[in-house]
K.L.:
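Please find one structure pasted underneath; my questions will follow.
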There are 2 protein chains.
Amino acid sequence: MLDTASTLFYAEGVHAVGVDRIIAEAAVAKATFYHHFPAKDTLVHAYLTEQFEAQRRTVADFLADSASLPPREVLVRFFDLIVEIGRRPGFRGCPFINAAAEFPDVAHPVRGAILEHRVWFRTMVADLLTAAGDARPRAGADILMLLRDGLAVGCYLDDAAAMRGIVHDALDRILGAPDDPKR
Amino acid sequence: MLDTASTLFYAEGVHAVGVDRIIAEAAVAKATFYHHFPAKDTLVHAYLTEQFEAQRRTVADFLADSASLPPREVLVRFFDLIVEIGRRPGFRGCPFINAAAEFPDVAHPVRGAILEHRVWFRTMVADLLTAAGDARPRAGADILMLLRDGLAVGCYLDDAAAMRGIVHDALDRILGAPDDPKR
DNA sequence: ACTTTACCAGACAGGTCTGTCTACGGTCTG
DNA sequence: CAGACCGTAGACAGACCTGTCTGGTAAAGT
């Protein structure tokens with residue numbers, strides 16, 4: 001049920017998908033739906049929480065797989081991973097950014113979930129930069145957050161196939177050239 | 001009427017605002033509305049077109065004001081301008097990115113308008129880079145496009161007050177340090 | 001055997017959505 | 001003066017929205 005909702009919410013937008021649609025697609029009775037989720041907003045929140053957890057799993061797997069690589073290489077491959085996801089058919093941008101566009105009220109729980117995800121991402125990147133011996137990991141993380149957001153938008157709206165090269169170029173400039181002794 | 005719609009669409013999202021709401025706020029009869037715009041989609045398209053034209057006016061004014069400055073300084077101030085707009089109260093991100101989140105169909109005219117805006121922006125930045133003597137203006141423009149998108153998202157969802165410093169740092173890294181002879 | 005829990009099917013209420021239509025009032029032009 | 005045009009006010013259709021409620025089924029725990 002949550003899976004169905006997630007697919008629809010992501011593919012078409014939260015406001016564009018009604019409860020009727022979700023229960024029809026999930027082959028579930030309406031009463032059952034409202035038994036599990038007292039309101040649609042709750043489901044939206046659950047949708048984003050699930051996205052968050054899926055991303056955390058993906059990143060944990062990635063970090064486990066690339067534990068033996070030099071830290072800078074890990075960062076590059078991390079962004080390669082993002083591009084790879086952004087190139088997959090059906091990619092429609094970052095679910096958190098998209099949800100934020102539909103929820104203007106900062107006090108709404110959905111916005112809280114979005115914020116949590118952003119804090120997590122920034123912290124994680126800062127840790128990677130620290131591991132790479134960056135002199136100012138927080139500042140770097142702020143910049144790489146911009147890069148990530150831009151990447152999500154760019155893969156959705158522009159030529160996703162070209163993004164890999166662009167990101168490599170950007171990372172070389174932001175982190176310094178691969179053999180740059182400065183960073 | 002278009003002004004009212006623009007304000008509402010931007011502030012609350014396109015799907016969240018109904019025609020009834022617009023005609024009430026604009027103090028206009030329903031028949032009048034449908035006389036000017038055969039469908040709501042037409043109004044949404046007009047909304048984005050108007051945003052596009054407003055941005056072009058802003059940029060034209062900016063370029064006219066900064067014609068005497070060195071090209072690299074123009075670029076920095078251009079991004080300062082974006083940050084300044086992003087810090088204004090009521091800023092809710094880029095209207096084009098937000099609209100894209102609500103319109104999944106690439107064939108929809110709204111998506112065409114979004115694309116036009118992106119092409120315009122990229123071309124303009126490439127021209128600025130060319131003027132600054134950049135060796136690879138297209139590549140630089142692709143990166144600065146990422147920066148712009150990230151900036152719009154960041155000003156909306158993160159601490160907009162911190163963005164100026166972050167962007168200056170990012171531009172130094174992307175364009176090279178101010179006195180870097182390489183660029 | 002009894003209760004709790006989970007589920008289904010679907011009617012229903014009350015509201016909002018887009019879009020059409022009627023009926024009426026000005027105002028400008030030929 | 002007549003007709004074309006532009007606007008208002010608002011009823012209306014038909015679909016869809018969220019959320020509630022009734023009534024019945026089935027399984028699982030105690």
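First the proteins, then the strands, lettered A, B, ... as listed; each starts at 1. Nothing here was measured: the structure is a model prediction, and the numbers come from that model.
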K.L.:
Show which side-chain atoms of residues 80-87 of chain B pair as donor or acceptor with protein atoms under 3.5 Å away, not counting sequence neighbours.
P.N.:
from: B:D80; atom 1: OD1; to: B:H168; atom 2: NE2; distance (Å): 2.6
from: B:D80; atom 1: OD2; to: B:H168; atom 2: NE2; distance (Å): 3.2
from: B:E84; atom 1: OE2; to: B:R88; atom 2: NH1; distance (Å): 2.9

K.L.:
Once each nucleotide of nucleotides 3-9 of chain D is scored for protein heavy atoms under 4.0 Å, what B/S/- sequence comes out, 5' to 3'?
P.N.:
----SBB

K.L.:
Which residues pass the side chain to side chain donor-acceptor pair (under 3.5 Å) test with A:S6, sequence neighbours left out?
P.N.:
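Partners of A:S6 by the side chain to side chain donor-acceptor pair (under 3.5 Å) criterion, ordered by chain and then number, come out as A:E50.
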
K.L.:
Tell me, which pairs form a side chain to side chain donor-acceptor pair (under 3.5 Å) where one or both residues lie in residues 51-66 of chain A, sequence neighbours left out?
P.N.:
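Listed once each, the pairs are A:Q55-A:H117.
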
K.L.:
Can you sort out which residues in residues 5-16 of chain B have a heavy atom within less than 4.0 Å of DNA chain D? Ascending by number, please.
P.N.:
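Heavy-atom contacts with DNA chain D come from no residue of residues 5-16 of chain B; none.
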
K.L.:
Return each pair, listed once, that meets side chain to side chain donor-acceptor pair (under 3.5 Å) where at least one residue sits in residues 22-39 of chain A; pairs must be two or more places apart or across chains.
P.N.:
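Found A:D20-A:K30.
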
K.L.:
Residues two or more places apart in sequence or in another chain: which of them pass side chain to side chain donor-acceptor pair (under 3.5 Å) with B:R138?
P.N.:
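With sequence neighbours excluded, B:R138 shows a side chain to side chain donor-acceptor pair (under 3.5 Å) to no residue whatsoever.
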
K.L.:
Taking the side chain as every heavy atom from C-beta outward, state whether B:F79 and B:R164 have any pair of such atoms under 4.5 Å apart.
P.N.:
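Counting from C-beta outward, B:F79 and B:R164 never come under 4.5 Å.
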
K.L.:
Check B:F9, B:F52, B:Y10 against B:Y47 for a ring-ring contact (aromatic ring centres under 6.0 Å, His included) and give me the one that passes.
P.N.:
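The ring-ring contact (aromatic ring centres under 6.0 Å, His included) with B:Y47 is passed solely by B:F9 among B:F9, B:F52, B:Y10.
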
K.L.:
Do A:L171 and A:L75 have side chains that approach each other closer than 4.5 Å (heavy atoms only, starting at C-beta)?
P.N.:
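Contact flag for A:L171/A:L75 side chains = no.
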
K.L.:
Is any side-chain heavy atom of B:L146 closer than 4.5 Å to one of A:L146?
P.N.:
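The answer is no; the side chains never approach within 4.5 Å.
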
K.L.:
Would you grab the first and last nucleotide of DNA chain C (5' to 3') that comes under 4.0 Å of any non-hydrogen atom in chain B?
P.N.:
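So the outermost contacting nucleotides come out as C:dC17 to C:dC21.
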
K.L.:
Who are the side chain to side chain donor-acceptor pair (under 3.5 Å) partners of A:H108, not counting sequence neighbours?
P.N.:
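So A:H108 forms a side chain to side chain donor-acceptor pair (under 3.5 Å) with A:D41.
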
K.L.:
Sequence neighbours left out, what passes side chain to side chain donor-acceptor pair (under 3.5 Å) with B:E12? Give chain and number order.
P.N.:
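B:E12 satisfies side chain to side chain donor-acceptor pair (under 3.5 Å) with B:R21 only.
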
K.L.:
For DNA chain C, which residues in residues 40-47 of chain A have a heavy atom at a distance below 4.0 Å?
P.N.:
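Output list: empty, so none.
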
K.L.:
Can you pull the salt bridge (charged side-chain N to carboxylate O under 4.0 Å, His left out) pairs that have at least one residue in residues 93-118 of chain A, sequence neighbours excluded?
P.N.:
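Passing the test, one end in residues 93-118 of chain A: A:R118-A:D149, A:R118-B:D158.
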
